[in-house]
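For reference, the structure is listed below as structure tokens.
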Number of protein chains: 2
Amino acid sequence: MPPSDTKTRILDGAERLFAREGFHNTSLRAITSLVGANLASVNYHFGSKDALLQAVIERRLLPLNQIREAKIKEVLTRAREDNTPPTVEALLRAFIEPTLEFSDSSPGARDFISLVGRSLSEPDETVRNCFLVLIFPLFQLLLKGLCEALPHLPQNILLARLQFLMGTVSYVMCTGGRSFFSNTELPSPLDQKTQIQQLLKYALAGLEAAE
Amino acid sequence: MPPSDTKTRILDGAERLFAREGFHNTSLRAITSLVGANLASVNYHFGSKDALLQAVIERRLLPLNQIREAKIKEVLTRAREDNTPPTVEALLRAFIEPTLEFSDSSPGARDFISLVGRSLSEPDETVRNCFLVLIFPLFQLLLKGLCEALPHLPQNILLARLQFLMGTVSYVMCTGGRSFFSNTELPSPLDQKTQIQQLLKYALAGLEAAE
DNA sequence: TCTTTATTTAAACACTTGTTTGAAACGACT
DNA sequence: AGTCGTTTCAAACAAGTGTTTAAATAAAGA
């Protein structure tokens with residue numbers, strides 16, 4: 001038996017509700033009653049609502065980031081071995097693909113991804129920083145890779161473009177592939193696989209555009 | 001004297017706080033005490049907190065959308081007159097540039113833009129729909145324009161790419177040009193003007209990329 | 001077995017939330 | 001003057017918030 005069954009049940013419920021209703025719009029009572037736990041157990045196991053969010057984030061983001069970091073580093077070292085600059089596409093794939101595989105790995109993971117996707121535009125600075133702190137090193141590594149891949153472009157331009165990329169990635173993440181505009185007057189949306197292909201093409205062209 | 005001074009003071013305060021702290025994290029007491037109004041005046045003038053949000057949004061978004069719609073339609077009719085497809089760049093400019101001019105028009109407008117920028121990833125569906133309903137016709141018009149500009153690309157692919165664009169635009173809008181990652185280890189960010197130039201280049205390349 | 005630690009529970013706490021009330025103050029009009 | 005519709009105000013309302021408490025229960029070790 002794991003350290004505490006209720007502890008992970010609370011994590012699961014919090015993940016789900018934080019993702020679907022937002023952090024401030026989710027009460028501890030909603031979480032505990034969803035997973036059949038006592039209200040006080042949240043503060044017993046986690047200490048506070050903020051600490052619960054922290055735990056929800058770290059449980060999934062730490063391992064995910066480890067995978068993404070390893071993949072990006074692999075691209076970088078391989079390029080260094082071959083004495084050629086890394087390709088933007090390889091870097092993008094290393095960053096994006098693990099996220100999607102992870103998103104498909106479990107139903108809770110999908111909620112989590114949309115939670116992370118919304119983190120960039122989270123108004124509450126305390127909440128936002130919970131995410132940013134964990135994402136920043138990866139962001140930095142990716143920027144470094146892009147500088148090697150596109151040495152003819154100034155760093156601050158690459159920084160701006162990388163942030164444009166973060167914008168679309170976080171949008172795709174928090175919509176979970178579905179469109180917010182569900183309307184019969186619009187063409188039917190792409191399936192997830194081709195949507196990702198398109199995302200890669202779109203971002204690739206944007207990042208590599210002439211200055 | 002306008003219908004009620006407090007009414008617009010409340011709108012201003014709500015706009016500012018909704019943008020900076022988020023809708024659910026802003027209390028009516030915070031708004032009224034910020035602008036020196038009585039708590040009950042919100043319900044007197046607007047009826048409810050939700051209706052206040054609605055009013056905040058409509059006050060600025062209706063005129064802004066009118067401008068954007070006019071500019072896009074102008075591009076479309078001019079292209080039809082010349083019997084040539086509209087250019088993607090002209091469409092993009094018609095969509096993006098009015099937003100930025102508007103954003104610089106007053107300090108409150110800047111807050112408002114970041115509020116709108118976050119709307120796409122707003123977790124609360126009721127809140128999100130306040131924005132989407134107003135943005136949808138414009139979105140549809142822009143898609144139609146893109147279909148004319150890039151007739152060799154399938155509509156559903158253009159739809160996906162337009163949503164990617166919305167992701168980066170809303171990111172730029174809600175950060176207000178500033179980066180979330182403010183760190184000395186990063187290159188210094190672009191000034192706003194060149195950031196917009198870069199955004200146009202980035203989006204243009206992404207939208208026009210081969211299928 | 002008894003003892004000690006870890007966990008769960010119901011109840012209460014102090015506080016904030018959006019909303020409503022009814023009286024007071026104001027402004028414009030005759 | 002006084003009347004009428006509009007606006008402001010302090011106070012209260014009921015409901016919901018995160019957190020704490022102290023007792024009850026379960027689990028584990030000696």
Side-chain angles (χ1 to χ4, degrees), chain A residues 1-59 115 122-131, chain B residues 1-59 115 122-131:
Chain A
M1 185 67 63
S4 167
D5 189 34
T6 42
K7 192 167 176 178
T8 76
R9 268 181 17 248
I10 290 174
L11 280 173
D12 290 339
E15 177 174 72
R16 175 174 187 149
L17 292 181
F18 286 165
R20 304 192 181 189
E21 319 284 341
F23 176 71
H24 284 108
N25 208 22
T26 298
S27 69
L28 296 183
R29 285 169 177 80
I31 297 172
T32 52
S33 79
L34 175 67
V35 303
N38 188 276
L39 170 63
S41 59
V42 171
N43 281 277
Y44 174 76
H45 284 290
F46 300 96
S48 71
K49 191 188 178 185
D50 285 292
L52 172 61
L53 174 66
Q54 186 84 25
V56 166
I57 296 170
E58 288 184 351
R59 174 173 67 149
L115 180 63
E122 165 65 45
D124 188 314
E125 193 179 320
T126 314
V127 175
R128 195 175 59 234
N129 272 349
C130 289
F131 297 90
Chain B
M1 185 66 64
S4 167
D5 190 35
T6 39
K7 193 167 176 180
T8 76
R9 274 189 4 256
I10 289 173
L11 280 173
D12 290 339
E15 177 175 73
R16 175 175 186 147
L17 292 181
F18 286 166
R20 304 192 181 188
E21 320 284 340
F23 176 72
H24 284 108
N25 207 24
T26 298
S27 68
L28 295 183
R29 286 168 176 82
I31 296 172
T32 51
S33 79
L34 175 68
V35 303
N38 187 274
L39 170 62
S41 59
V42 171
N43 281 276
Y44 174 77
H45 284 289
F46 300 96
S48 71
K49 190 187 178 185
D50 285 295
L52 172 60
L53 174 66
Q54 187 84 24
V56 165
I57 296 169
E58 288 183 351
R59 174 174 67 150
L115 179 62
E122 165 65 45
D124 189 313
E125 193 180 320
T126 313
V127 176
R128 194 175 59 234
N129 272 349
C130 290
F131 297 90

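Values below: every heavy atom of this structure, side chains too, minus hydrogens, waters and symmetry copies. Naming convention: chains lettered A, B, ... in sequence-line order (proteins, then strands); numbering from 1 in each chain. Being a predicted model, the structure only gives us computed values, none of them experimental.
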May I ask you to decide if A:Ala37's main-chain N or O and A:Thr6's side chain share a donor-acceptor pair within less than 3.5 Å? no
Separation between CZ (B:Arg29) and CG (B:Asn38), nearest 0.5 Å, reads 10.5 Å
B:Thr6 side-chain N/O to D:dT8 phosphate OP1/OP2 under 4.0 Å: yes
Output the distance between atom CD (B:Glu125) and atom CZ (A:Arg20), rounded to the nearest 0.5 Å. 12.5 Å
Could you give the distance from OG (A:Ser41) to CG (A:Leu39), rounded to the nearest 0.5 Å? 7.5 Å
Can you give one letter per nucleotide of nucleotides 10-25 of chain C, going 5' to 3': B for a protein heavy atom under 4.0 Å from the base, S for sugar-phosphate only, - for none? B-B----BBBBB----
To the nearest 0.5 Å, what is the distance between OH (B:Tyr44) and CD1 (B:Ile10)? 11.5 Å
Reading DNA chain C 5' to 3', how would its secondary structure be written in dot-bracket notation, given Watson-Crick and G-U pairs with both distances under 3.5 Å, brackets [ ] for crossing pairs and | for partners on other strands? .|||||||||||||||||||||||||||.|
OP1 or OP2 of D:dT8 less than 4.0 angstrom from a side-chain nitrogen or oxygen of B:His45, does that happen here? yes
What is the distance, rounded to the nearest whole Å, between atom CD1 of A:Ile10 and atom P of C:dT8? 8 Å
In chain order, what residues pass the side chain to side chain contact (heavy atoms under 4.5 Å, CB included) check against B:Arg59, with sequence neighbours excluded? B:Leu11, B:Asp12, B:Glu15
Correct closest heavy-atom pair for B:Leu52 and B:Ala14 would be CD2-CB, 3.8 Å
For the pair made of CZ in A:Phe46 and C1' in D:dG18, what is the distance, rounded to whole Å? 15 Å
Evaluate side-chain contact (heavy atoms from CB on, under 4.5 Å) for B:Phe46 paired with B:Gln54, printing each intermediate quantity in order. CA-CA 9 Å; B:Phe46 300 96; B:Gln54 187 84 24; over 6 Å; no
note: A:Leu52, atom CG; D:dT17, atom P; distance rounded to Å ~ 15 Å
